[in-house]
**Student:** 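The structure that follows is given in the form of C-alpha cells.
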Amino acid sequence: MAYVRAPAVILATGGGGQLFQKTTNFPGASGMGYALALEANAPLVDMEFVSYEPTVAVGSEKIAGMELPTMAFSEGCGCSMVGEKNSFKTAPPSSKDVMSRAMFREVREGRGTQNGAIYYDLRNMSPDAALGYSQIRRVLKALDVPSREAQVEVMPTQHFLMGGVVTDECGTSEMPGLYAAGEVAGGAHGAHRLATCGGTEVIAMGAIAGESAAQYACGRKRSGGEGRAVPRPELLQTAMDAIDQDRIATVRAALEGGCGALRDRQSLETS
Ligand SMILES: Cc1cc2nc3c(=O)[nH]c(=O)nc-3n(C[C@H](O)[C@H](O)[C@H](O)COP(=O)(O)OP(=O)(O)OC[C@H]3O[C@@H](n4cnc5c(N)ncnc54)[C@H](O)[C@@H]3O)c2cc1C
C-alpha cells in the first residue's frame, strides 16, 4: 500500500449504515471515516442522531430490503399504514422520523403483524396512482399480486447518520489541515435529515471544503516528513467482512438496540 503525504486532507467517506443490523446503505458505508477522524484527534458531534427510512419491505425474501415510497401518503391517493389489530395511529403524511417512531411503537405495543411489521396498504389506492411509482411496481411484480389486494409488510431501516466530524461552515475540522464533507461531517441537519437534503449537502459542502483545503494547502511550506503519523491501513478498508465478525455483531446489536428510532437517554447510555 502506498502512502501519500498531503498538506490538507478531506474526509468524504460517507456514513456508517453497515454498523447497524439493517440498513439501506451500500456495503462501503462502514463508518471508517469517523474512526479516521478520531484517530487524528478531530472530535465528532451528534452521533446519537440516526435517521430511519420508514417503509422498507420485510418478511418475504422476494422483496426484503426494497424501499416503498413515503410520497404515496402525501398525495392523498389512499395509501395507508395498518397494524394487525388497529389502524395506524399516526396518520401519514408526517415526517419520516415521526413515522418511524410511531411504527416502532405500534409494534412494541403489540399492534404489528405476526412478523413484527406494519402493513403498507395499497388496497384503497387507485391502481393508476400506485403503478405510477417504480418501487411499487417492482414490489407488486415480485409478489405477483394486484395493487388492489396488496398489503406489504414494512418496517423502518437505518438510513442516514446526522452526526459526524465537527466542522465549521468551510468544512474545516478542529484539526488543522483536516476537512470533512458529506455524511461523514456532522451537525448540518440537526436531529433528522429532511428528504433530498443529503445530495444538496454533498454538492455544496464538497465544493466549499475543496476550496478551503486548497487554500490551506497553498499557504503551507513543504516539509520533510518529520512528525509522520503511524500508518493505520486497517482504517482504510471498507469491506465489513475484513473486520472481526464477533465485534461487528456486538456493535450492531448495541447500536440497533440503543440508538434506534425509539432511543432515549437511558438506552443510549446502556448501549
Ligand atoms: C438508498 C438511499 C437513497 C437515498 N436517496 C437520497 C435522495 O433521494 N436524495 C438525497 O438527497 N439523498 C439521498 N440519500 C442520501 C445520500 O445518498 C447521501 O447523503 C450521500 O450519498 C452522502 O454522500 P457522501 O459523498 O458523503 O458519501 P457516499 O456517497 O456514501 O460516498 C462515500 C465513499 O467513500 C468510500 N469510502 C468509505 N470509507 C472509505 C475508506 N476508509 N477509504 C476509502 N474510501 C472509503 C465509500 O466506498 C464511498 O464510495 C440516499 C441514501 C440512500 C442509502
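Order of listing sets the numbers, starting from 1, for every ligand and every atom in it.
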**Student:** Starting from V166, walk the hydrophobic network (Ile, Leu, Val, Met, Phe, Trp, Tyr; side-chain heavy atoms closer than 4.5 Å) and list everyone else you reach, by chain and number.
**Tutor:** V45
**Student:** Mark up the atoms of ligand 1 that fall under 4.0 Å of a heavy atom belonging to E67, in ascending order.
**Tutor:**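 In order of numbering, the contacting atoms are 1 (C).
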**Student:** Which atom pair, heavy atoms only, marks the closest approach of D168 to C170?
**Tutor:**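 Result for this residue pair: OD1-N, 2.8 Å.
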**Student:** Taking NZ, NE, NH1 and NH2 as the nitrogens, is one of them in R252 or E256 under 4.0 Å from a carboxylate oxygen of the other?
**Tutor:**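 So R252 does not pair with E256 through a salt bridge.
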**Student:** Would E183 count as being in polar contact with ligand 1, using the rule that some N or O on each side must be under 3.5 angstrom apart?
**Tutor:** yes
**Student:** Show every side-chain hydrogen bond (donor to acceptor under 3.5 Å, both in side chains) that has at least one partner inside residues 134-145, sequence neighbours left out.
**Tutor:**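 Every candidate side-chain hydrogen bond (donor to acceptor under 3.5 Å, both in side chains) pair involving residues 134-145 fails, so no pair, neighbours aside, qualifies.
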**Student:** Looking at G182, which atoms of ligand 1 are within less than 4.0 Å of one of its heavy atoms?
**Tutor:**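 What qualifies from ligand 1 is 26 (O).
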**Student:** Any chance you could measure Y52, atom OH, to T157, atom OG1, to the nearest 0.5 Å?
**Tutor:**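 So the gap between those two atoms works out to 8.5 Å.
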**Student:** What about T196: any of its N or O atoms under 3.5 Å from an N or O on ligand 1?
**Tutor:** yes
**Student:** Quick one: which ligand 1 atoms are inside 4.0 Å of a heavy atom on M32?
**Tutor:**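 Contacts of ligand 1 toward M32, numbered from 1: 41 (N).
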**Student:** What do you reckon, does E53 put a non-hydrogen atom under 4.0 Å from ligand 1?
**Tutor:**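 The answer is no, since E53 has no heavy atom less than 4.0 Å from ligand 1.
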**Student:** Test of understanding: given a 4.0 Å heavy-atom threshold, classify the contact between V202 and ligand 1 as side chain, backbone, both, or neither.
**Tutor:** side chain
**Student:** Measure the distances from the heavy atoms of R193 to every atom of ligand 1 and state whether one is below 4.0 angstrom.
**Tutor:** yes
**Student:** Taking 4.0 angstrom as the limit and counting only heavy atoms of C197, give me the atoms of ligand 1 inside it, by number and element.
**Tutor:** 11 (O)
**Student:** Decide whether an N or O pair under 3.5 Å exists between G198 and ligand 1.
**Tutor:**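 By distance alone, the answer is yes.
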**Student:** Select one of side chain, backbone, both or neither to describe which atoms of Q18 lie under 4.0 Å from any atom of ligand 1, heavy atoms only.
**Tutor:**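 Neither part.
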**Student:** Could you give the distance from CE (M155) to OH (Y120), rounded to the nearest 0.5 Å?
**Tutor:**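 Between atom CE of M155 and atom OH of Y120 there are 16.0 Å.
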**Student:** Within a distance under 4.0 Å of any heavy atom of G28, pick out the atoms of ligand 1 and give their elements.
**Tutor:** 37 (C)
**Student:** Would you mind listing which atoms of ligand 1 come within a distance below 4.0 Å of any non-hydrogen atom of A12?
**Tutor:**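 Those qualifying, in numeric order: 32 (C), 33 (C), 34 (O).
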**Student:** Which residue from F26, F160, Y34 reaches closest to atom 49 (O) of ligand 1 through any of its heavy atoms?
**Tutor:** F26
**Student:** Pairs of nitrogen or oxygen atoms closer than 3.5 Å, one from G199 and one from ligand 1: do any exist?
**Tutor:** yes
**Student:** Could you verify whether a donor N or O on one side chain and an acceptor N or O on the other, from T24 and E53, lie under 3.5 Å apart?
**Tutor:**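 Checked: T24/E53 side chains show no N/O donor-acceptor pair below 3.5 Å.
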**Student:** Between Q18 (side chain only) and N25 (backbone N and O only), is there a donor and an acceptor less than 3.5 Å apart?
**Tutor:** yes
**Student:** Whether R193 engages the ring of F160 as a cation-pi pair (distance to the six-membered ring centre under 6.0 angstrom, angle to the ring normal within 45°) should be assessed.
**Tutor:** yes
**Student:** Calculate, to the nearest 0.5 Å, the distance between atoms OH and CG belonging to Y133 and L68 respectively.
**Tutor:** 11.0 Å
